[in-house]
Amino acid sequence: MIRLSSSLFARPALFVYAGIGITLATTAVTVASLYEMRLDAMAQARVAAQNLVISLQKEIERNLDIYQLAMRDVATSAETPGILRLTPEVRQLVAFGSAANTTELGALFATDATGKLVLDSRSIQPRKLDVSGRDYFQVQRLQENAGLYISAPFLPFAAEPGIPQIALSRRLKDKDGHFAGIVAGTLRLNYFRRLFEDSILGRHDTITLLRTDGTVLMRQPFHEGDIGKSLAVGHSLEPLVRSSHGTYIDIAVLDHIERLYTFRRVGSYPLVVVVGFATDDIFAGWRKRAITVGIVTVILDSLLILLSLMFSRQLRKRLAMERRLKRLAWFDALTGLPNRVQLQREALRMLTNANQHGSTLAVLFIDLDRFKRVNDTQGHAAGDEVLSEIARRLQDQIPTGDVIGRLGGDEFLAVLQDCDVLRAKQVAARILQAVYEPILINSKQDTRITISASIGIALSPHDGEEPGILLRNADLAMYQAKGAGRNQVRFSAPEYERQAKEQLELEVALLRALRGNALNVAYQPKVDAAGVLCGVEALVRWENNGQGIAPDRFITIAEESGLIAEMDAWVMGEACRQLAEWRAEGLNVPNISVNVCAADFKRPDYPGFVSDTLQSHGLVATDLTLEMTERVLFDESVPDIRKSLDAIHDLGIALSIDDFGTGYSSLSYLHRFAVKELKIDKSFVQGIGRDAMAESLAQTLIHIGKILKLTVTAEGVETRAQRDFLGTHGCHLYQGFLFSRPLAARDFARWVRAHRPCTLPGDPDAQATTLGASPD
Ligand code: C2E
Ligand code: CA
Ligand code: CA
């Protein structure tokens, strides 16, 4: 099976989006090209209509021109005086000689002023007709400047019944210029009908011949009723009258069909030829193609979307299956915890990490005691419930970043990084406690079961640096725990066992000592260059079973077991009580320093506690100095530690930076927290005379203190040479075995009495200074 989860395929929705995207794009392109095709169809129709209208207009104009010329000859003849005196044959020849080829179109004739025919192209003896009622006669008679007039359609008097005609007429004048009749030519409209019929194209296409006043003279397709109708009410007449040619789209007045109309004025005649192509016909071809293209596009697009949907669904299913398989492969189905395979991977990763960073790592092998009995007596369903519940509890006990998994059956494994003996023991103890809580089994009608566990611990690198070896050692240790009576923790290495046991015992003993007031405080003087006492540092001491325990050791235990704050509070109270007592005895001790750590600040209102302590012994703020390492200032685990420091400063209590030079040495915070004193760490002091590097560092640290106007105190001064070196470079105060070891209260009082300034008579500057006074 190809791994999908790491590729583009890990996002099935993408394929649906892509499908929709492609569909939209192709649809847009299709719509655009269809639109273009539509425009093309229209353009082509326009060209065709224009060509047709031009050819029709030319043809009609040519014939009318011929007719007009013939009419002019008739007119000239009619106006010639004495024409009626010629013989009829000659007269006919003179008048209609040039009209020989116009018989196709109709008849030419002239009338007198009363409308009676005087010359007639149809017969040598003019027919006895009176046209005085015709419009073409009336117009000429009444309008002097009518010019060439084209009549409305009319039916002839006789013959060819039903075939309408029009007539062209001109006015005849006598020699005085008065109306003397008309010359006229009738035009059978059939001529136009045939002309138009020959040109017609589509079913809904039209060709119309109009008078410019909107009267229809001929229209194709032919309907008798159309002839003589007026289109003057139609809105489309306007452009026809105004310009000589043009094109527009309109709905026909006569049949209400939308057409593309192209028109042209017939020369100078008051006639217009209009060709109309139905837009339906124009777009018929296009529509067919559009429908085909549309259907194909819709089918293709639907197919594409369908395919992408199917593909993404398929993909989603496959991904889900892959995830399920992965879970099956890496996680335990019952508890959801990492399984053996996953544990091995994780352990390897954490071990590699630990080896790289030189840190320790603990492997806890956890095995439930007599779990088989639960299965046997309560059934497997109950057994499963127990395992699930235990898994949950175990997970709760494991810090984030560490791992707990199920090896199988009732065996669990925890891997804890950055974990030493003590912490491993603590976590194991918590696990034992959590497992031992009664478990409620619902499937057995709320039966309660109590079960214990045995835990074996192996530590890396001591017990091995490979997961397999660590696991085996932890397993062996677990068997020892079982052998020792179950519900126990055992370390793989015996010395750890001892160490952990001791540690635990010490913890208990320390708690007892603290609560039983069995701790002590030792006092170490701080002196100036002249040996004058300037302060004293309180250092906690513990004697367990007559054996002194190194402060560094039991302070670590106090920190790890959470006792430190209580212990420091006790030391502060004791130191203040002692200072007050000395003063009551008349001993001049200017100031007392106590050591504090970050955990002390976790107490709500620590500043309040400090000031209460001072007050309860009748002391003031300037009597106390708090010593802390740089790390305390930056401790993130205590909220608002900086606010507390500000509050303490506001009380007037001095802050001193302990072990200066070994921490962050960021100078800005010294100012920020209104620090009063720097204590140069004894490692620099003790390097004086031995280590050039330490010497120059000590020098630099003193320099920093001087620049920042802080009291610089050197701790761990053991030799005169050290004191002299520090003195020459401007150190203000000294503390160390050279002056005194930390002493019991009574011994300290004795030391003070023995070192009264008066015992140094050779030193007139000798004078007790308190911290906070400018050292310069
Ligand atoms: P620190 O605050 O740096 O205390 C000075 C340490 O130097 C003390 O060690 C002191 O006995 C030792 N010392 C003094 N003069 C000399 C000397 O000339 N040579 C040498 N080699 N050492 C000298 P101690 O008493 O073992 O305390 C160790 C650390 O424990 C202290 O270091 C301080 O950080 C912490 N500590 C002591 N008492 C308390 C307390 O009440 N509360 C807290 N939180 N920490 C305390
Ligand atoms: Ca200190
Ligand atoms: Ca120190």
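Model, not experiment: these values are computed from the prediction. Counting convention: from 1, in listed order, for ligands and their atoms alike.
Against a heavy-atom cut-off of under 4.0 Å, V717 is close to the following atoms of ligand 1: 18 (O). Heavy-atom contacts of P551 reach the following atoms of ligand 1: 24 (P), 25 (O), 26 (O), 27 (O) (cutoff under 4.0 Å). For ligand 1 and G736, the ligand atoms under 4.0 Å from any heavy atom of the residue are 15 (N), 18 (O). Within the listing of ligand 1, atoms 19 (N), 20 (C), 21 (N) sit less than 4.0 angstrom from a heavy atom of Q686. Near D552, with a cut-off below 4.0 Å to any heavy atom, the atoms of ligand 1 are 28 (C), 29 (C), 30 (O). Proximity to V571 (heavy-atom distance under 4.0 Å) selects the following atoms of ligand 1: 41 (O). Close contacts between ligand 1 and P742 involve ligand atoms 11 (O) [criterion: under 4.0 Å to a heavy atom]. Counting the atoms of ligand 1 from 1 in the order shown, those under 4.0 Å from a heavy atom of E718 are 17 (C), 18 (O), 19 (N), 20 (C), 21 (N).
Using a 4.0 Å cutoff on heavy atoms, R541 counts as a contact of ligand 1.
Of the candidates V685, I680, D681, D681 is the only one forming a side-chain contact (heavy atoms from CB on, under 4.5 Å) with E715.
Atom CZ of R430 has more than 12 neighbouring heavy atoms from other residues, nucleotides or ligands inside a 6.0 Å radius. Remark: Y436 OH is loosely packed, at most 12 non-hydrogen atoms of other residues, nucleotides or ligands lying under 6.0 Å away.
A donor-acceptor contact under 3.5 angstrom links the side chains of E677 and T713, judged on distance only. Using a 3.5 Å distance cut-off with no hydrogens or angles, the side chains of D658 and T629 do not pair a donor with an acceptor. Side chains of Q524 and Q735: a donor on one and an acceptor on the other come within 3.5 Å.
Residue-level proximity to ligand 1 for L738 is absent, since no heavy atom of it falls below 4.0 angstrom. Of the heavy atoms in N595, both backbone and side-chain atoms come closer than 4.0 Å to ligand 1. At a 4.0 Å heavy-atom cut-off, ligand 1 touches V540 through backbone and side chain alike.
The aromatic rings of F748 and Y523 sit tilted, their planes meeting at an angle between 30° and 60°.
Vertex the Ca ion (ligand 2), arms ending at OD1 of N595 and OE1 of E627: the angle is 90° after rounding to 10 degrees.
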Could you check D420 against T360 for side chain to side chain donor-acceptor pair (under 3.5 Å), going step by step and ending with a plain yes or no? CA-CA 6 Å; D420 60 5; T360 56; over 6 Å; no
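Closest N/O/S atom of E537 to the Ca ion (ligand 2): OE2. In D658, the N, O or S atom that comes nearest to the Ca ion (ligand 2) is OD2.
In summary, D659 places no N/O/S atom under 3.0 Å from the Ca ion (ligand 2), failing the contact criterion. Because the distance cut-off is set at 3.0 Å, E715 fails to qualify as a neighbour of the Ca ion (ligand 2), as none of its N, O or S atoms comes that close.
At least one donor-acceptor pair closer than 3.5 Å links the side chain of H357 to the backbone N or O of N353. Not one N or O on the side chain of E581 forms a donor-acceptor pair closer than 3.5 Å with the backbone of R577.
Comparing Q524, E627, E537 by heavy-atom distance to atom 15 (N) of ligand 1, the nearest is Q524. Among V521, L519, I555, the residue whose heavy atom lies closest to atom 35 (C) of ligand 1 is I555. For atom 6 (C) of ligand 1, the nearest non-hydrogen atom from the set E715, Q722, K682, Q735 belongs to K682.
Counting heavy atoms from C-beta outward, V489 and L432 have side chains that approach closer than 4.5 Å.
Checked against a 3.5 angstrom limit, the closest N/O atoms of F737 and ligand 1 fall inside it.
Look at K682 and D659 and you find no salt bridge, because none of the NZ, NE, NH1 or NH2 atoms lies under 4.0 Å from a carboxylate O.
The distance between the ring centers of F739 and W751 does not fall below 6.0 angstrom.
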